Structure formats: structure tokens, C-alpha cells
Amino acid sequence: MSARLRVVLEYLHPWTNSAGFFVASHQGWFAQEGLDVELTVADPSRGDSLAYLSRYEADFAVFPSNRLLVRRAAHEPLKAVAAINHRGMETILTTTATGITRPRELEGRRLALNPTPRGLAMVRHLVEADGGDFDRVVVVNSGARELLADDVAAGEVDATFGNYWAWDALLGRLPLEDRVIWPVDDIGAPPYHSYLLGTQESTLQRNPVLVRSLLAIVERGYLAARDEPGLALEAFERYVPYFPRETLRASLELITPTWFHEGRWGQVRAELVQPYAQWLADYGVLPSAAGWEDSFTDEFLPSQVGIAAA
């Protein structure tokens, strides 16, 4: 009998960052190991992927590292078991027509974002790191909506924060040469893992063999997506057939390097997590940076590579 598992992915729809899961499913690798894996996304009216995990409505979830740290600070028994990305994915995006050439020039201009405490802290940090005054930026509350370069070009705002440089920053009709895309880790953001894979502590204690099996298959999927991108494109035709293959291919080329550190998949690295936890604490998003190590475990990775020493 197959073990039934539900994995809630990180975004409103499947996208290229989950290529390892899609490839593994499309190639039948989960089934070969006796796993009946459902890949799904969260209904935002019921919370994010971590909310599903917290309510035991998912067995595993992919989620932002900052949200895990916040939930751990509230004593929720959730843990990351692998890193998906080794870079920040967000950008500040504008167009050449706005004349904005650096973050401090957002002063007096309209910047769209979802004004979460972490989002506001990140934009404040980026503007002030460039010598600007964030309090002079006109913040436009776009909620969960991610404005595209086309919206900026249409004059809805002057810039937007939150687009991913390997995904929605590529979408829309505006020619790429007319877009200005600043990845946050190129303009002063602290280092961090954008996304992690995790589960309940009780799952780790109750069924460690299952956890190791899932991670081994997911690692195989990400390695295959890196080495044979055509496998990922074939899988996407099943999971996200509404995106042009050219967009998917361009996104894959950009995002694939973020899945590995020194050729290895899954390693959660202290040099990315500890400074980020401290940054979140400094901006009041976390009550304290203490105890960040308890949010992660390294013992289930296929390569048995531990959390790297800072």
C-alpha cells in the first residue's frame, strides 16, 4: 500500500521553483518508492502553506524562511528539513521610462507592495542602504496583487516591490530592455534562503524513513531539472500549461543555480539563516534572533550534509 502524502507548495500556482517536485512526479519516481504524493497550492483564504502544515492539513510544505522563524518564535512545532533556494528572489522593479536609477530615487515616488512588517522592513532597509529616506517613499498598498512591469509602464505606480527576478519580473508585454530589475541581494539585502521545505516535528519523530525517502526523491528531481531541463518543461506542460514555454525556459535558466550550493542540494546554511534571523529581530519582525537553530534539522538530507558552520 502506498503512503499518501500531501505537499503544499509555496505560491498561488505551480511555477518553476518547484521543478524538482514536478519532475519527480511526472517521471513516476514517487510512485516507484511507494509514495502517493499530491502536489498542491494553498487557498489564500485559508492561509499560506505553513498554515496548512500547522493545521495538519499537509504532510510537507514549501515556505519562506522568515515565516518559519516567526512561527517557531510562537512555539509551533514545525521544522525545515531542506533548503530550496540559496538566494533572495524578490526585486524592486521599475521601468526605464520612470527615470529611477537607484533605490534612493524612490523618494517622492509611488512604490507598490504588500505592506507586511517584513516587506516594509525590507524596502526601508534597501532605500536607506542607498542613502535614501524611506519615509519619503509613497507606499501604495497593492495587497496580494503582484504588479507587473506592464502596470508600471501604464502609470499605475512608479515601481513595485516583491516580484521575483526569475518569475513574474519576466511576465508581461513590456520589452525586457525597458525593465529595470534589482534583485534585493544585489542592492543591500541580508542573505537568506527564499524557500525551505519542512514538516511537523511529530512527522520527523514518527516516520524518519518516509522523510528521508521523500527528500531523496525530491533531490533527484532537482538534479534532473538541472541536468535535463527538457524534463522540467515536459512536466510543466502537465502542471502549468497556460504559461508559454519560452517564459518557463527563461525562468528555469535563471532559477536553477539557486537550488544548489557548491553542487549540493538541500543544505540549510547558518551563514544565510543566522544573519537573516538577526535582521528580522532588528526590525521587530521577530522578538529575538535567539534559537534560530531549532527551526532546522539536517539529519534527513540524502547526502547527510549538515547545517554549514558560519
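Since the structure is predicted, the reported quantities are computational estimates derived from the model, not experimental observations.
- Applying ring pair (Phe, Tyr, Trp, His ring centres under 6.0 Å) to Trp15 and the options Phe243, Tyr164, Phe22 leaves one that passes, Tyr164.
- Results of the salt bridge (charged side-chain N to carboxylate O under 4.0 Å, His left out) test with Arg136 over Glu107, Glu105, Glu128 single out Glu107 as the only residue that passes.
- Looking at every heavy atom in both residues, Ile187 comes nearest to Leu126 through O-CD2, 3.5 Å.
- For Asn85 (side chain) and Arg87 (main-chain N/O), no donor-acceptor pair under 3.5 Å exists by modelled atom type.
- In the model, Ser18 has no side-chain atom that pairs as donor or acceptor with a side-chain atom of Tyr239 under 3.5 Å.
- Asn114 and Thr116 form no side-chain donor-acceptor contact under 3.5 Å, judged by distance and modelled atom types alone.
- A donor-acceptor distance shorter than 3.5 angstrom exists from the side chain of Thr91 to the backbone of Asn163, with no hydrogens or angles considered.
- The two residues Ala153 and Leu174 come nearest to each other via the heavy atoms CB-CD1, 4.0 Å.
- Remark: the backbone N or O of Trp182 is not paired with any side-chain donor or acceptor of Asp186 at under 3.5 angstrom.
- The cationic atom of Arg220 (NZ for Lys, CZ for Arg) lies less than 6.0 Å from the six-membered ring centre of Trp29 and within 45° of the ring axis.
- A salt bridge links Asp135 with Arg124: the distance from a Lys NZ or Arg NE/NH1/NH2 to an Asp or Glu carboxylate oxygen falls below 4.0 Å.
- Across Leu35 and Ser213, no two heavy atoms sit closer than the pair CD1-OG, 4.0 Å.
- Nearest heavy atoms, Asp168 versus Leu148: O-CD2, 3.5 Å.
- Among all heavy-atom pairs drawn from Gln267 and His86, the shortest one is O-CE1, 3.1 Å.
- Between Glu201 and Arg72 there is a salt bridge, since at least one side-chain N of the basic residue sits less than 4.0 Å from a carboxylate O of the acidic one.
- Using a 4.0 Å cut-off between charged side-chain N and carboxylate O, Arg110 and Asp158 make a salt bridge.
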